[in-house]
Amino acid sequence: MNNPFMARAIELAIRNVREGGGPFGAVVVREQRIISEGVNRVTFTNDPTAHAEMMAIREACRKLDRFELSGCEIYCSCEPCPMCFGGVYWARLDRVYFGCAAIDAANAGFDDSFIYSEITAPLSQRQIPLIQMERDAALEAFRAWENSPNKTPY
């Protein structure tokens, strides 16, 4: 294996399986140094958002004391799922490297293709109904944001 960061992500994934977790590992890298590592902790923590990428992103943000990771890259043992893909964009990572493809994950029982199809489906046709209500009242939060002198833009 040529890339030490991908090697570490894969090593983390394999070790996590041996410890009873999911087969996913990720590392966030900045200036050719590992800033953080993450493994899938979903079943250990009963947290469906505790994917390897999310864990690595959270830890990198904590260590760097900032909410965005521009100037950093992430190495993942597998192509990020829709949630982690969103996390990558919200974190503003510069680049994503991945080992296995989404189809490899699907073949191993981690199929997220239905989420991609749900995202593109009209709200009225999604399996989990999305029902808008109290919009006028909810808009007050955005008005408060717009008028706040203490906001941190992101």
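Note that these values count all heavy atoms, side chains included, but never hydrogens, waters or copies made by symmetry. Sequence positions, counted from 1, serve as the residue numbers for this chain. Keep in mind the model is a prediction, meaning the values are calculated, not measured.
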Name every donor-acceptor pair, under 3.5 Å, that has one atom in a side chain of residues 135-146 and the other anywhere in the protein, sequence neighbours excluded.
from, atom 1, to, atom 2, distance (Å)
Glu140, OE2, Arg143, NH1, 2.7

Minimum-distance pair of heavy atoms, taken over all atoms of [X] and [Y]:
X      : Y     : value
Asn3   : Met6  : OD1-N, 2.9 Å
Ser77  : Pro23 : OG-O, 3.8 Å
Met83  : Met54 : CE-CG, 4.0 Å
Ala105 : Cys78 : CB-SG, 3.8 Å
Ala56  : Ser36 : O-OG, 2.6 Å

### Task
In sequence, state the C-alpha distance, the side-chain angles, and the governing distance for Arg15 and Glu19, and then conclude on salt bridge (Lys or Arg N to Asp or Glu O under 4.0 Å).
CA-CA 6 Å; Arg15 185 178 78 200; Glu19 294 173 358; 3.8 Å; yes
Could you state whether [X] and [Y] fall into the same hydrophobic cluster, counting links through intermediate Ile, Leu, Val, Met, Phe, Trp or Tyr residues with side-chain heavy atoms under 4.5 angstrom apart?
X      : Y      : answer
Tyr97  : Ile35  : no
Val28  : Trp90  : no
Ile119 : Phe114 : yes

Spacing of [atom1] belonging to [X] relative to [atom2] belonging to [Y], to within rounding of 0.5 Å:
X     : Y     : atom1 : atom2 : value
Tyr89 : Cys84 : OH    : SG    : 14.0 Å
Asn46 : Arg41 : CG    : CZ    : 11.5 Å
Thr45 : Asn40 : OG1   : CG    : 8.5 Å

With the side chain counted from C-beta on, respond yes when [X] and [Y] share a heavy-atom pair under 4.5 Å apart, and no when they do not.
X      : Y     : value
Asp112 : Pro82 : yes
Leu64  : Cys72 : yes
Val96  : Tyr75 : no
Ile74  : Glu53 : yes
Ile34  : Phe5  : yes
Ser70  : Asp94 : yes
His51  : Val42 : yes
Val29  : Val27 : yes

### Summary
Across all chains, not counting sequence neighbours, the side chain to side chain donor-acceptor pair (under 3.5 Å) partners of Glu134 are none
### Summary
Contacts of Asp111 meeting side chain to side chain donor-acceptor pair (under 3.5 Å) (sequence neighbours excluded), chain-then-number -> Ser113
### Full working for side chain to side chain contact (heavy atoms under 4.5 Å, CB included) between Glu37 and Arg8
CA-CA 9 Å; Glu37 300 180 340; Arg8 180 63 180 157; 2.7 Å; yes
[X] side chain vs [Y] backbone, donor-acceptor pair below 3.5 Å:
X     : Y     : result
Arg92 : Leu69 : no
Glu79 : Gly99 : no
Arg66 : Glu68 : yes
Asn16 : Gly25 : no

### Message
If the threshold is 4.0 Å, N to carboxylate O, is there a salt bridge linking Arg33 and Glu31?
### Response
no
### Task
Please assess Asp47 against Thr49 for the test side-chain hydrogen bond (donor to acceptor under 3.5 Å, both in side chains), listing each intermediate value before the final yes or no.
CA-CA 5 Å; Asp47 178 355; Thr49 69; 2.6 Å; yes
### Message
Within a 6.0 Å radius of atom CZ on Phe85, are there more than 12 heavy atoms belonging to other residues, nucleotides or ligands?
### Response
no
### Query
Does the pair Thr152 and Phe67 meet the rule for a side chain to side chain contact (heavy atoms under 4.5 Å, CB included), with working shown?
CA-CA 10 Å; Thr152 302; Phe67 61 84; 3.8 Å; yes
